[in-house]
There are 2 protein chains.
Amino acid sequence: MRKGEETRTRILDVAEAAVLQKGFGGTSIEELIAETGITKSGFFYHFRDKNELAKALLNRYIENDERIYDEIFSRARDLVDDPLQSFLLGLKLLSELLSDLPNGHPGCLVAGICYYERLFDREIQEINRNAVLAWRRRFGRMIREIVAVYPLREPVDVDQLADMVSSVLEGGIVLSKTLKEPNTLAEQVLMLRTFVKMLFLPVAEMPRASSGSAFHGGAEPH
Amino acid sequence: MRKGEETRTRILDVAEAAVLQKGFGGTSIEELIAETGITKSGFFYHFRDKNELAKALLNRYIENDERIYDEIFSRARDLVDDPLQSFLLGLKLLSELLSDLPNGHPGCLVAGICYYERLFDREIQEINRNAVLAWRRRFGRMIREIVAVYPLREPVDVDQLADMVSSVLEGGIVLSKTLKEPNTLAEQVLMLRTFVKMLFLPVAEMPRASSGSAFHGGAEPH
DNA sequence: TGAAAACTGTACCGTCGGTACAGGAGGGGA
DNA sequence: TCCCCTCCTGTACCGACGGTACAGTTTTCA
């Protein structure tokens, strides 16, 4: 029992890295067993077929993802009591975590499967859908707490704002990976943070009289 | 020449739809030739291998994408002169175009390839990277025009804000596809529009005294 | 010590990407 | 008219891969 779990985990580890680099179609079972040091029969002892591997991979990935969000935002909740400041801190912590990833974010399995859709059965698509809905609920819950205290300065739908967090994360991952700029993802999360801040807090009067030199986006030609 | 082009285009049409549904790995050449009504030899007459098919597909997709953005934002530029109002209108038009897609956005090839990375050669990855950089330049150019006229109400980097457009689009596509909610993508674009508006325009004083009933995100439980 | 769990080994099948090459239809220019 | 070029078809074949079947062996733990 113990040994089996360990081997299974090793297969999943190898598979996850491979799938995020090459997609499911691009990852062969034979390459997985070569790297894991197991035989083909051994592989099929643990997973009936590739579809079941995908399901296990996805479930594990989502679980881990949820755990990370839990940790970050509950930590932020412990540090500050105000729901808005806590959410803003959470986004900051998330951005720091993302920029600390040495080789950039490896990619999101949920998005990977979304772009592989038809090859998996309905069950996997449903797992994927529920993962995104869980994000909506998670961030929606936090935003509703804020809305109960702070007035929204622009009329926006809470669920759509919650989805914005997922959008920016998923989109930021695509940009970061494609540009090979690991930091882009973290920057995008901070942009989102700015948006949330502006939605709930009055904009501070600008201290300087001339056009602010601290602003990157001035009128310089480039 | 004429006939060859036509066949080539037909292959690309079939391939694009298939790839966006199943990814590159999930799309077999044999399925493509079956649907196109061509032989395998005929296919390899037009494309040396799957990699070259991917390259042609990607180039065509990016070209088309650029054309659509050109049309929308130059139309917006014709309708209003002010750079901010023109950009906001462009985002509105884009959102309308996206919500008019009958079955939702089919998916972005750039993102699809990003999640398939290692299976293609450096050239394709470079094409992909340049496409994202072109988006950054495009939106960056428009935002710089705005910054030259309107003060930024929060310190944000122009290129990062430009990337935000791409992020929200790519992320919105992933959400829309995964949730099977075609409208989510259009909504996300409108959320981004709200962000841009807030970044450059002073927030209007709220007309109502009590908590606004027009706001979706009130304190209602769910 | 014995049964269940966790594998290995071997053989085999159909599909797929890809190669090689011969040849043929059809049109357009010399 | 002839020839050449574009645009394919047909056939045969290869190795890699996903997957099946099943018999046998080692490891683990109660």
Side-chain angles (χ1 to χ4, degrees), chain A residues 1-58 60 112-113 115-121 123-124, chain B residues 1-58 60 109 112-113 116-121 123-124:
Chain A
M1 286 184 193
R2 173 54 47 88
K3 182 81 181 310
E5 280 298 308
E6 192 195 304
T7 305
R8 204 184 134 96
T9 301
R10 225 166 60 241
I11 296 174
L12 287 174
D13 287 341
V14 171
E16 185 171 313
V19 164
L20 286 174
Q21 271 196 345
K22 299 174 288 192
F24 276 95
T27 302
S28 73
I29 292 179
E30 267 156 44
E31 131 195 24
L32 296 182
I33 66 180
E35 202 165 336
T36 323
I38 206 179
T39 61
K40 208 176 197 180
S41 315
F43 174 89
F44 284 107
Y45 170 77
H46 287 288
F47 304 99
R48 204 185 309 120
D49 52 26
K50 226 183 175 185
N51 196 80
E52 199 165 293
L53 171 69
K55 205 194 303 174
L57 221 47
L58 182 59
R60 199 181 71 143
I113 280 177
Y115 273 103
Y116 211 71
E117 215 183 338
R118 290 266 174 264
L119 277 221
F120 294 118
D121 53 26
E123 192 186 348
I124 286 202
Chain B
M1 289 182 190
R2 175 52 46 87
K3 182 81 181 308
E5 280 300 307
E6 194 196 302
T7 305
R8 204 184 133 94
T9 301
R10 224 166 61 242
I11 296 175
L12 287 175
D13 288 341
V14 172
E16 184 170 315
V19 164
L20 286 174
Q21 271 196 345
K22 297 174 289 192
F24 275 94
T27 302
S28 74
I29 292 180
E30 267 155 45
E31 130 194 25
L32 295 181
I33 67 180
E35 200 165 336
T36 324
I38 207 179
T39 62
K40 207 175 193 180
S41 315
F43 175 88
F44 283 107
Y45 170 78
H46 287 287
F47 305 98
R48 204 186 310 121
D49 51 25
K50 226 184 175 184
N51 197 79
E52 199 164 294
L53 171 70
K55 206 195 304 175
L57 220 48
L58 182 58
R60 198 180 74 143
L109 260 191
I113 281 177
Y116 211 67
E117 214 184 338
R118 290 264 174 265
L119 277 221
F120 295 118
D121 54 25
E123 191 185 349
I124 287 203

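Nothing here was measured: the structure is a model prediction, and the numbers come from that model. Throughout, a chain's letter reflects where its sequence line sits, starting with A, and its residues are numbered from 1.
- The CZ-P distance, from A/Phe44 to D/dT20, rounds to 7 Å in whole Å.
- Contacts of B/Arg48 with the nucleic acid, taken as non-hydrogen atoms under 4.0 Å apart, involve only primed sugar atoms and P, OP1 or OP2.
- Rounded to an integer number of Å, the gap from CZ of A/Arg8 to C1' of C/dA6 is 13 Å.
- A heavy-atom distance below 4.5 Å is not found between the side chains of A/Tyr45 and A/Thr7.
- Within a heavy-atom distance below 4.0 Å of DNA chain D, the residues of residues 32-43 of chain B found are B/Ile38, B/Thr39, B/Ser41, B/Gly42.
- Here the closest heavy-atom approach between residue A/Ile124 and residue A/Ala54 is recorded as CD1-CB, 3.7 Å.
- One can place CZ of A/Phe24 at 17 Å from C1' of D/dC17, the figure rounded to the nearest angstrom.
- Evaluation of the side chain to side chain donor-acceptor pair (under 3.5 Å) rule for A/Arg60 yields A/Asp13, A/Glu16 as partners, not counting sequence neighbours.
- Atom CG in A/Leu53 sits about 11 Å away from atom P in D/dG18, given to the nearest Å.
- Side-chain atoms of B/Leu12 and B/Leu53, non-hydrogen and from C-beta on, do get closer than 4.5 Å to each other.
- We find that CD of A/Glu30 is positioned 14 Å from C1' of C/dT10, with the value rounded to whole Å.
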Return the polar atom pairs (N/O with N/O) between nucleotides 24-26 of chain D and the protein under 3.5 Å, or none.
none

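- Residues forming a side chain to side chain donor-acceptor pair (under 3.5 Å) with B/Lys55 (at least two apart in sequence, or on another chain): B/Glu123.
- In terms of heavy atoms, B/Glu31 sits closest to B/Gly26 at OE1-O, 4.0 Å.
- Taking atom CD on A/Glu5 and atom C1' on C/dC7, their separation rounds to 15 Å, with Å as the unit.
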Taking only distance into account, with no hydrogens and no angle test, what donor-acceptor pairs under 3.5 Å do side-chain atoms of residues 36-44 of chain A form with protein atoms, sequence neighbours excluded?
residue	atom	partner	partner atom	Å
A/Thr36	OG1	A/Leu32	O	2.4
A/Thr39	OG1	A/Gly42	N	3.2
A/Lys40	NZ	A/Glu30	OE2	3.0

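- Atom CG of A/Asp49 and atom C1' of D/dG18 are 10 Å apart (whole Å).
- Contact check, A/His46 against C/dA6: no side-chain N or O comes under 4.0 Å of OP1 or OP2.
- Counting heavy atoms from C-beta outward, A/Ile29 and A/Phe47 have side chains that stay 4.5 Å or more apart.
- Remark: B/Thr7 is not in phosphate contact with D/dC7, judged by side-chain N or O atoms under 4.0 Å from OP1 or OP2.
- Of the side-chain N and O atoms in B/Tyr45, one or more sit less than 4.0 angstrom from OP1 or OP2 of D/dC7.
- Listed by chain and number, the residues in a side chain to side chain donor-acceptor pair (under 3.5 Å) with B/Glu35 amount to none (sequence neighbours excluded).
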